[in-house]
Amino acid sequence: MPANRSPARPPRHLADLGPAERRAAAAELGGPAFRADQLSRHYFGRLTDDPAEMTDLPAGSRDELAGALLPRLLTAERELACDGGTTRKTLWRAFDGALIESVLMRYPDRITMCVSSQAGCGMACPFCATGQAGLTRNLSAAEIVAQVVAGARAVARGTVPGGPGRVSNIVFMGMGEPLANYASVLRAVRRITDPVPAGLGISQRGVTVSTVGLVPAIGRLAGEGLAVRLAVSLHAPDDELRDELVPVNRRWKVAEVLEAAWGYAAATGRRVSIEYALIRDVNDQPWRADALAALLAGRLAHVNLIPLNPTPGSRWTASTPAAMAEFEARLAARGVPVTVRDTRGSQIDGACGQLAGPAGRRPPAGELPALQISARVP
Ligand code: SAH
């Protein structure tokens with residue numbers, strides 16, 4: 001085998017293709033083009049990729065069609081659950097052995113899936129477990145969509161406590177920097193939000209793309225005509241500290257990132273979410289709350305404070321409850337909308353910044369058994 005090969009590409013899948021490309025692919029396989037629509041209904045509508053269930057396709061060509069257009073992309077290696085089974089983290093193995101994670105969170109009023117856009121991450125934020133391991137590779141659109149389909153299927157079939165339901169929200173807050181894998185993420189967003197059978201039919205407004213602040217890509221996203229929410233991982237109001245917490249800040253400074261965010265808000269009419277992980281004695285001082293408020297007051301923005309989740313080997317810890325309350329109060333006092341994000345999934349290392357694959361992880365919390373998955377997953 002030649003050395004230094006670039007990583008192999010994941011097999012082509014229906015979810016990598018737009019409707020016209022799918023029909024062309026079905027025709028290439030020698031069948032009528034409408035087979036593509038039938039397959040799409042199975043995958044995006046009925047959430048199945050099992051040829052045995054596709055009884056509207058001729059028995060002789062089911063396996064070939066499904067094999068060519070619905071190859072299995074991800075295999076569930078392990079599933080961990082907490083919160084009575086309403087929070088579930090799945091570790092997936094891709095065709096080349098790359099490991100990624102997704103998290104499903106059921107709330108009384110919504111079901112959110114947190115998906116990965118890359119195996120690993122190249123952004124190197126020192127407080128994030130994913131950032132410590134570096135980037136393995138970009139995921140394909142279909143590998144991103146497959147995480148959503150698996151969760152949607154589990155919810156639809158009643159596997160998640162609370163009865164059958166629908167995934168309502170998608171957050172690109174799993175492993176990876178979504179805007180560093182722009183083309184695949186964009187395709188995945190279209191597949192997730194296009195109506196059935198072109199896609200899964202989840203509302204664009206329910207989708208959040210979270211970024212470290214890749215300024216040119218934010219500008220590009222603003223021009224896509226989408227209504228998805230943008231979240232910016234700010235974590236510090238000043239360049240001196242942000243250069244350390246979010247190293248890409250050395251390239252695009254706080255002022256440029258926020259300028260791009262306001263451009264996004266203006267283009268889409270959507271309030272930008274500003275993420276701020278509160279790290280004890282690092283970025284949680286009252287003066288930084290005031291500085292953040294000064295940057296955001298009067299803007300179409302909302303602050304999501306995230307108590308720092310512990311990661312292996314990190315010297316940092318979450319702010320005290322008193323410091324968090326003070327930080328929140330200072331923002332609110334200046335009219336900046338602010339909420340504190342819950343730390344769902346932290347017992348299973350499934351909360352923000354804790355997704356890393358199995359290497360170097362702490363042993364999972366004792367009382368949480370790994371669930372075996374028996375169903376075929378895409
Ligand atoms: N790369 C993207 C999306 C993934 S992370 C981004 O950075 O926005 C989703 C959010 O979790 C980001 O705001 C990230 O900064 C935050 N995060 C990372 N590690 C964390 C930790 N240990 N505790 C709390 N939040 C963390």
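Count residues from 1 along the sequence. Ligands are counted one by one from 1 in listed order, and the atoms in each one are counted from 1 as well.
A donor atom on one side chain and an acceptor atom on the other are not found under 3.5 Å apart for Arg41 and Gln38.
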For ligand 1, output the ligand-protein N/O contacts shorter than 3.5 angstrom; if there are none, return none.
unit_1: ligand 1; atom_1: 1 (N); unit_2: Gly176; atom_2: O; d: 3.0
unit_1: ligand 1; atom_1: 1 (N); unit_2: Glu177; atom_2: OE1; d: 3.2
unit_1: ligand 1; atom_1: 7 (O); unit_2: Ser233; atom_2: OG; d: 3.3
unit_1: ligand 1; atom_1: 8 (O); unit_2: Ser210; atom_2: OG; d: 2.6
unit_1: ligand 1; atom_1: 8 (O); unit_2: Thr211; atom_2: N; d: 3.3
unit_1: ligand 1; atom_1: 8 (O); unit_2: Ser233; atom_2: OG; d: 2.5
unit_1: ligand 1; atom_1: 13 (O); unit_2: Ser233; atom_2: OG; d: 2.6
unit_1: ligand 1; atom_1: 13 (O); unit_2: Glu275; atom_2: OE2; d: 3.1
unit_1: ligand 1; atom_1: 15 (O); unit_2: His235; atom_2: NE2; d: 2.6
unit_1: ligand 1; atom_1: 22 (N); unit_2: Phe127; atom_2: O; d: 2.9
unit_1: ligand 1; atom_1: 22 (N); unit_2: Asn309; atom_2: O; d: 2.9
unit_1: ligand 1; atom_1: 23 (N); unit_2: Asn309; atom_2: N; d: 2.8
unit_1: ligand 1; atom_1: 23 (N); unit_2: Cys352; atom_2: O; d: 3.4

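Residues that satisfy the side chain to side chain contact (heavy atoms under 4.5 Å, CB included) test with Glu244, not counting sequence neighbours, are Leu241, Arg315, Trp316. Residues forming a side-chain hydrogen bond (donor to acceptor under 3.5 Å, both in side chains) with Arg22 (at least two apart in sequence, or on another chain): Ser40.
Sorted by first and then second residue, the salt bridge (Lys or Arg N to Asp or Glu O under 4.0 Å) pairs with a member in residues 173-192 read Glu21-Arg187, Arg190-Glu224, Arg191-Asp194; sequence neighbours excluded.
Salt-bridge check for Asp290 with Arg334: passed, with a basic side-chain N closer than 4.0 Å to an acidic carboxylate O. A salt bridge is defined here as a Lys NZ or Arg NE, NH1 or NH2 lying under 4.0 Å from an Asp or Glu carboxylate O, and Asp239 with Arg250 fails to meet this definition.
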